[in-house]
> 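First the structure, which I've put down as structure tokens, then a few questions once you've had a look.
Heavy-atom basis, side chains included; hydrogens, waters and symmetry copies ignored. Not measured: the values here are computed from a predicted model. Numbered from 1 within each chain, the chains take letters A, B, ... in sequence-line order.
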There are 2 protein chains.
Amino acid sequence: MSRVTVRDVAERAGVSISTVSRVLTGNAPVSKELHRRVVEAIEELGYRPNALARGLRIRRTAVLGLIVPDIANPFFSQLARVIEETAHRHGYSIVLCNSQNSRQRELEYFALLSSQRVDGMMIISSAATHEELSQFQSATDAAVLALDRRIPGFQGPWLGADPYPGAFEAVRHLLDLNHRRIGIVRGVEGNISSDQRFEAILQAYRDNGLTEPPWIWAGDYSVETGIRAGDALAALPPDQRPTAVIAASEFSAYGLVHSLHDHGLSVPEDVSVVGFDNTRFAELFRPALTVIAQPIERMGRRAVETVLQMIAAAEEEPPPPVAPLPGSARPRTAKTQRVTDEWLPTKLVVRASTGPAPRAGSTLRFA
Amino acid sequence: MSRVTVRDVAERAGVSISTVSRVLTGNAPVSKELHRRVVEAIEELGYRPNALARGLRIRRTAVLGLIVPDIANPFFSQLARVIEETAHRHGYSIVLCNSQNSRQRELEYFALLSSQRVDGMMIISSAATHEELSQFQSATDAAVLALDRRIPGFQGPWLGADPYPGAFEAVRHLLDLNHRRIGIVRGVEGNISSDQRFEAILQAYRDNGLTEPPWIWAGDYSVETGIRAGDALAALPPDQRPTAVIAASEFSAYGLVHSLHDHGLSVPEDVSVVGFDNTRFAELFRPALTVIAQPIERMGRRAVETVLQMIAAAEEEPPPPVAPLPGSARPRTAKTQRVTDEWLPTKLVVRASTGPAPRAGSTLRFA
DNA sequence: TTGTGCTGAGAAAACGATTTCAGATAGATT
DNA sequence: AATCTATCTGAAATCGTTTTCTCAGCACAA
């Protein structure tokens, strides 16, 4: 590490250590002349303050941790980009951790970030359920926000998308195109946000006057899920086959389109497909994918803002040295009020993968 | 931050601070009984050692910095995934920084990482040229590796891909398919690795017995570049139009296919398209994209290994207190020998976007 | 002249770990 | 029984900052 310390700078500038520090932090007056000399010495020596020492002393690091399940997934990488961008604008930097969809590694990273004394962390959890996290959390002073995926039993705020508005629009959109048999490819059963998406779509069905989905395929968000779903779909007799399918992930939608195509069914002429997420790839794909769009941009921004707000609140309101008396309601300023869950709406983005329902019997042209 | 320190643990376990530390680091014997008590106390208190304090003391952080131009680009995000994975396996964690293709932010991040006293850093540079970086570098003790994109004037090792092998194969492949007019969509002119790709393709031309490329479109790696190239291509009279195009980036290839399609030309029937990179989308795209594949996996692994090797070397061979005499050749062990540049070969991956050259006049079927 | 207030600068005490060094305690050896 | 040695322990120094706290110097009013 760059050997030069505040001490060397002080020596070179002919001042005391504290004066150098004062110049650096700017929280005490320094005469013009000394200031000049210090700045000069810093330049000449290429001095770079040791963030470890500083962090140790002031108990803040200006670093936020972000744990994602898979950075190679464009949804997460785009989200990460926004988060990094926003954090940077606020003077924070990001430590990005990739849990590889492993509960084990997620906990490891939590511990690591906690060790590194990040000021806050955002977790997109991979673990379907865990009490461990809550336990870990109690051992940390960092502000922790659960992002995107809900964590059951987690005490702390959550920020994510509400799949319902987009799902409603999607069903509406398909009905407008005269689709009546609308199938679903769902994500991991038991995964809380996957279930949420599924529920949202079911609810959207009912709210649009439909009864039950005629066809449901269970899966895990992956491309392969989509492919197998497509195989199954193609095997159905045409008059029972859904004319439109809503897939719970973008990847599954891609796989689905591929598979249908391989079976001689074209999208959207024979089957309309709606995906989820809305990464930049959705418009690159052919046919460009109609999707229930996640508010990636807004979600990233809000995530950082929320965590920073939590940090500010924690600073303002240090935990009482003794447990407060039951009756003693402490005054809460606007700043220190508890941060709660927040839902961001999804919305439908119509592209080329959805079209009018085929007239009955028209799919027989391949038979 | 979690308030509990080594002191609290010591107190609780009824031992001295140093004993706790010895248990933690394991570099001195501790009796079984005390060991047990310490571990127990750690558990009970949820103690998490302060990495700042430790890093300050031992002058190592077990953290590597990674600066990428755009994490939302799947090539970089997949590379980042591999790097993170590999680093984690070696007990290091990664601070990921996104320079947004800005020279300014790249330098900022360099300074930041330097401040955070990371043990090493990998930089995929956005700045076409800079002496600043070299200057910054001299002020840091971290091991610095230039990754993927070469940095002119940078003193330090570089690791990246050699576009030539893949380019040669690509041209060969197209010739085998009877293509004779093969165009190029190139990346940013002046960007050193973009130029490298271009040169590699030109060289491949010559080595395959072709003279000059009949058609070159300049661009910047983006989707839009590909789209505009497609527009231009479609505007050419069919008998002058290239029957195949090699694009210097995957995104440009996507744009190109889109644009050609919009103009009523299909891929690969009318025009074959070869891209670069080989992210997971290449096979998802329709038609699946033939690409000159970057060795992403290997590159990420080697990057980490190289940096760790540099770190080990630096530790082994601390800089001499005084400048060594000119003649005094110091003995070099295998471990401490200078790390040099390394080229990893690219290779062609054939998919559906390349096919036999259309027979003369066949493209007229749309006219 | 003496006291008062103010400004700017330096000495020293944190922050929380690791590590050196010296010392204590046990067991082993003569 | 006495000495030696091996093993373990604790006090204190250190890493590089920030932040008291103290104090010197100076201007000004009484």
> Report the C-alpha separation of A/Arg105 and B/Glu85 in whole Å, then their side-chain angles, then the decisive distance to 0.1 Å, and conclude whether the salt bridge (Lys or Arg N to Asp or Glu O under 4.0 Å) test is met.
CA-CA 11 Å; A/Arg105 291 193 57 180; B/Glu85 175 79 15; 3.1 Å; yes

> Specify the separation, in whole Å, of atom CG of A/Leu24 and atom P of D/dT17.
8 Å

> Counting side-chain heavy atoms from C-beta on, which of C/dG16, D/dT9, C/dA9 comes nearest to B/Leu34?
D/dT9

> Once you round it to whole Å, what is the distance between C1' of D/dG16 and CZ of A/Arg7?
10 Å

> Do A/Ser125 and A/Glu106 meet the criterion of a side-chain donor-acceptor pair at a distance under 3.5 Å?
yes

> Using a heavy-atom cut-off of under 4.0 Å over every strand shown, decide if A/Thr25 touches base, sugar-phosphate, or nothing.
sugar-phosphate

> For a quick check of understanding: with a heavy-atom distance under 4.0 Å over all strands, which category does A/Arg22 fall into, base, sugar-phosphate or nothing?
base

> If we ignore angles and hydrogens, is there a donor and acceptor under 3.5 Å between the side chains of B/Ser102 and B/Ser99?
no

> Looking just at side-chain N and O atoms, do B/Gln100 and A/His88 make a donor-acceptor pair shorter than 3.5 Å?
no

> If you check the B/Ser18 side chain, which of D/dT17, C/dA17, D/dG10 turns out closest?
D/dG10

> Going by modelled atom types, is there a donor-acceptor pair between the base of C/dT18 and the side chain of B/Arg57 at under 3.5 Å?
yes

> Judged by each residue's nearest nucleotide on DNA chain D, which is more toward the 5′ side, B/Val15 or B/Leu56?
B/Val15

> If you check the B/Ile58 side chain, which of D/dT18, C/dA17, C/dT18 turns out closest?
C/dT18

> Find the distance B/Glu11:CD to C/dG16:P and express it as a whole number of Å.
14 Å

> Any N or O donor-acceptor pair under 3.5 Å from the base of C/dG8 to the side chain of A/Ser31?
no

> Side-chain N or O of B/Arg60 versus OP1/OP2 of C/dT18: is the shortest distance under 4.0 Å?
no

> May I ask you to say what B/Ile17 touches in the nucleic acid, namely base, sugar-phosphate or nothing, with a heavy-atom cut-off under 4.0 Å?
base

> Do the non-hydrogen side-chain atoms of A/Val118 and A/Leu64 ever get within less than 4.5 Å of each other?
no

> If only side-chain N and O atoms of B/Asn50 are considered, is one of them under 4.0 Å from the OP1 or OP2 phosphate oxygen of C/dC15?
no

> Considering just the side-chain nitrogens and oxygens of B/Arg59, establish if one lies under 4.0 Å of OP1 or OP2 belonging to D/dC15.
no

> Hey, does A/Thr19 reach any base, or is it just sugar-phosphate, or nothing, if we go heavy atoms under 4.0 Å?
sugar-phosphate

> Hey, does the side chain of A/Ser16 come within less than 4.0 Å of C/dG10's phosphate (OP1/OP2), counting only N and O?
yes

